[in-house]
Engineer: 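Here you go, one structure.
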Amino acid sequence: MSTSAEDRSALLAIAVDIAREAGRVAAEGQAGIDVLATKSTPTDVVTEMDRAVEELIRKRVLAQRPDDSVLGEEGAEETGGSGVRWVVDPIDGTVNYLYGREDWAVCIAVEHAGETVAAVVAAPVRGDLYTATLGGGAYCNGERLRVADPVPLEMALVATGFGYSARRRAQQAEVLRTVLPRVRDIRRGGSAAVDLCGVARGRTNAYYERGLNPWDWGAAALIAQEAGARVGGLHGAPPNPDLTIAAPPGLFEELHDLLVGLGADTDGPEEG
């Protein structure tokens with residue numbers, strides 16, 4: 001069973017209200033935030049606010065839709081029987097958040113039967129609220145988004161990000177050594193969601209990164225797609241932790257073909 005446009009709009013309205021509240025809370029708490037714990041490595045941090053914001057979102061969702069499921073980056077997991085799941089990244093760009101930088105966002109993707117049908121990426125310090133519904137277009141602060149006009153790879157401004165382990169970063173640096181001379185320039189913002197929305201907004205031409213999770217790309221991928229980007233992995237795969245690429249059709253294929261031969265979806269050769 002598919003959702004109607006009205007259903008998707010109703011889900012988006014709930015997500016927007018919750019994301020706005022969560023963004024206000026996180027922005028107010030950014031000053032003086034402390035690291036609560038680390039995840040995969042000592043540089044992969046989680047703050048007190050990550051967990052507090054995720055819990056706020058979980059409670060708000062279930063108060064309005066108690067039969068839905070919730071999956072959060074920091075461990076929130078509720079299983080409901082409605083077929084609707086809310087995928088939450090409370091603060092995407094935690095290191096930016098910790099350092100008082102602006103490029104972080106609250107991300108909420110709403111899935112129905114495994115397909116994202118509504119999405120919000122709220123970047124409150126920047127004053128940006130990105131929204132999309134499946135088939136309904138993508139918007140920033142109410143203005144329709146479209147990707148930048150097509151350009152060849154050598155004229156593309158390409159955003160990317162890096163993992164946390166030393167081995168993965170070393171491989172990503174090797175990939176970048178080949179990519180950088182082939183494009184206009186590289187940008188590294190520190191938030192996958194903000195980077196994907198940047199493609200949707202035409203502020204970069206393309207984006208790629210290894211190591212993302214569903215809460216990193218879920219909301220922003222729909223926003224980029226609805227703005228005219230193609231978002232996927234290698235060889236026709238959907239976005240996935242091995243590699244996620246976003247770019248307008250044509251440029252997507254050029255960047256994809258460059259990355260295929262570079263091992264961009266691997267952490268490099270095993271250490272012997």
Side-chain angles (χ1 to χ4, degrees), residues 39-40 44 71 73 87-89 92-96 103-105 107-109 111 114-116 119-121 123 130 132 134 138 145 147-148 153 156-165 168-169 171-176 178-180 183 186-268:
K39 293 186 279 190
S40 61
D44 186 5
L71 175 66
E73 179 182 15
V87 181
V88 175
D89 192 338
D92 183 71
T94 303
V95 173
N96 284 346
D103 282 338
W104 57 270
C107 307
I108 302 176
E111 298 176 347
E115 182 176 39
T116 303
V120 181
V121 173
Y130 298 92
L134 183 64
L145 296 178
V147 294
L153 184 62
L157 183 63
V158 179
T160 192
F162 308 115
Y164 293 103
S165 74
R168 176 167 293 179
R169 288 184 178 198
Q171 172 66 2
Q172 289 171 323
E174 287 301 309
V175 171
L176 192 59
T178 300
V179 172
L180 183 55
V183 301
I186 292 288
R187 292 292 181 268
R188 194 279 198 265
S191 164
V194 174
D195 283 344
L196 281 162
C197 289
V199 173
R201 202 170 182 177
R203 290 188 166 177
T204 54
N205 300 104
Y207 164 78
Y208 76 93
E209 187 166 351
R210 171 165 168 75
L212 302 186
N213 291 294
W215 42 80
D216 297 311
W217 75 67
L222 180 64
I223 292 164
Q225 288 166 354
E226 288 293 326
R230 179 178 173 186
V231 183
L234 295 185
H235 308 297
N240 64 80
D242 288 340
L243 194 67
T244 297
I245 306 170
L251 179 57
F252 180 99
E253 289 77 11
E254 281 195 83
L255 181 57
H256 171 280
D257 292 349
L258 175 61
L259 294 171
V260 162
L262 299 179
D265 60 335
T266 75
D267 289 339

Engineer: Minimum heavy-atom separation for E73 to D89, with atom names?
Structural biologist: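 In this case the closest contact between E73 and D89 is OE1-OD1, 2.7 Å.
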Engineer: Could you name each residue pair satisfying salt bridge (charged side-chain N to carboxylate O under 4.0 Å, His left out) that touches residues 214-227, not counting sequence neighbours?
Structural biologist: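 Sorted pair list comes back empty.
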Engineer: Should Y130 and C107 count as side-chain neighbours, where that means a heavy-atom distance under 4.5 Å?
Structural biologist: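 In short, these two side chains do not touch, never coming nearer than 4.5 Å.
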Engineer: Could you go step by step and tell me if E209 and W217 meet the side-chain contact (heavy atoms from CB on, under 4.5 Å) rule?
Structural biologist: CA-CA 10 Å; E209 187 166 351; W217 75 67; over 6 Å; no
Engineer: For the residue pair E111 and V87, establish whether any side-chain heavy-atom pair is separated by less than 4.5 Å.
Structural biologist: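 Counting from C-beta outward, E111 and V87 do come under 4.5 Å.
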Engineer: Using residues 227-237 as the side-chain source, report each donor-acceptor pair under 3.5 Å to any protein atom, sequence neighbours left out, with the distance given to one decimal.
Structural biologist:
| residue | atom | partner | partner atom | Å |
| --- | --- | --- | --- | --- |
| R230 | NH1 | E253 | OE2 | 2.6 |

Engineer: What pairs with E115 under side-chain hydrogen bond (donor to acceptor under 3.5 Å, both in side chains), at least two apart in sequence or on another chain?
Structural biologist: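 If we apply the side-chain hydrogen bond (donor to acceptor under 3.5 Å, both in side chains) test to E115, skipping adjacent residues, there are no hits.
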Engineer: For D267, which residues count as a side-chain hydrogen bond (donor to acceptor under 3.5 Å, both in side chains) partner, sequence neighbours excluded?
Structural biologist: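 Partners of D267 by the side-chain hydrogen bond (donor to acceptor under 3.5 Å, both in side chains) criterion, ordered by chain and then number, come out as R168, R210.
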Engineer: May I have the step-by-step check of side-chain contact (heavy atoms from CB on, under 4.5 Å) for V88 and L71, ending in yes or no?
Structural biologist: CA-CA 6 Å; V88 175; L71 175 66; over 6 Å; no
Engineer: If you look only at distance, which donor and acceptor atoms sit under 3.5 Å apart when one is on a side chain in residues 190-197 and the other is two or more places apart or in another chain?
Structural biologist:
| residue | atom | partner | partner atom | Å |
| --- | --- | --- | --- | --- |
| S191 | OG | D92 | O | 3.4 |
| S191 | OG | D92 | OD2 | 2.6 |
| S191 | OG | V194 | N | 3.2 |

Engineer: With T178, which residues qualify under side chain to side chain contact (heavy atoms under 4.5 Å, CB included), at least two apart?
Structural biologist: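 Side chain to side chain contact (heavy atoms under 4.5 Å, CB included) check on T178 returns L258, L262.
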Engineer: If you round to the nearest 0.5 Å, how far is CG of L243 from NE2 of H256?
Structural biologist: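 Going from the NE2 atom of H256 to the CG atom of L243 covers 8.5 Å.
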Engineer: Taking the side chain from N240 and the backbone from D242, do they hold a donor-acceptor pair closer than 3.5 Å?
Structural biologist: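 Yes; at least one donor-acceptor contact below 3.5 Å.
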Engineer: Assess the residue pair V183 and L157 against the criterion (side-chain contact (heavy atoms from CB on, under 4.5 Å)); give the C-alpha distance rounded to whole Å, side-chain angles, the decisive distance to 0.1 Å, and a yes or no.
Structural biologist: CA-CA 7 Å; V183 301; L157 183 63; over 6 Å; no
Engineer: Please report the closest heavy-atom contact between G189 and D103, naming both atoms and the distance.
Structural biologist: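 Shortest heavy-atom contact: O-CB, 4.0 Å.
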Engineer: Do T116 and L134 touch side chain to side chain, with heavy atoms closer than 4.5 Å?
Structural biologist: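 No, side chains not in contact.
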Engineer: What is the minimum heavy-atom distance between A148 and P248, and which atoms define it?
Structural biologist: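 Taking every non-hydrogen atom into account, O-CG, 4.1 Å.
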Engineer: Going by the rule salt bridge (Lys or Arg N to Asp or Glu O under 4.0 Å), which residues pair with R187 if we only count those two or more places apart in sequence or in a different chain?
Structural biologist: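 Scan of R187 (salt bridge (Lys or Arg N to Asp or Glu O under 4.0 Å), adjacent residues dropped) gives D185.
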Engineer: Taking only residues two or more places apart in sequence, or in another chain, which ones meet A206 in a side chain to side chain contact (heavy atoms under 4.5 Å, CB included)?
Structural biologist: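 Listed in chain order: V158, A247, L251, L255.
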Engineer: Atom CD in Q172, atom CZ in F162: separation rounded to 0.5 Å?
Structural biologist: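 Those atoms lie 6.5 Å apart.
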Engineer: A side-chain contact here means heavy atoms from C-beta on lying under 4.5 Å apart; do V175 and Q171 qualify?
Structural biologist: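 Yes; the side chains approach each other to less than 4.5 Å.
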Engineer: Going by the rule salt bridge (Lys or Arg N to Asp or Glu O under 4.0 Å), which residues pair with D265 if we only count those two or more places apart in sequence or in a different chain?
Structural biologist: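 Not a single residue meets the salt bridge (Lys or Arg N to Asp or Glu O under 4.0 Å) criterion with D265.
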Engineer: Using the test side-chain hydrogen bond (donor to acceptor under 3.5 Å, both in side chains), find all partners of Y208 that sit at least two apart in sequence or belong to another chain.
Structural biologist: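 With sequence neighbours excluded, Y208 shows a side-chain hydrogen bond (donor to acceptor under 3.5 Å, both in side chains) to no residue whatsoever.
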Engineer: Between atom CZ of R203 and atom CG of L145, what is the distance when rounded to the nearest 0.5 Å?
Structural biologist: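 Rounded to the nearest 0.5 Å, the CZ-CG separation comes out at 10.0 Å.
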Engineer: Within the structure provided, determine whether I186 and V179 are in side-chain contact (heavy-atom separation under 4.5 Å).
Structural biologist: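 Yes, side chains in contact.
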Engineer: Which atoms form the tightest heavy-atom contact between A119 and I223, and what is the distance?
Structural biologist: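 Heavy-atom minimum between the residues: CB-CG1, 4.3 Å.
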Engineer: Please enumerate all residues that pass side-chain hydrogen bond (donor to acceptor under 3.5 Å, both in side chains) together with R188, with sequence neighbours excluded.
Structural biologist: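 So R188 forms no side-chain hydrogen bond (donor to acceptor under 3.5 Å, both in side chains) with any residue.
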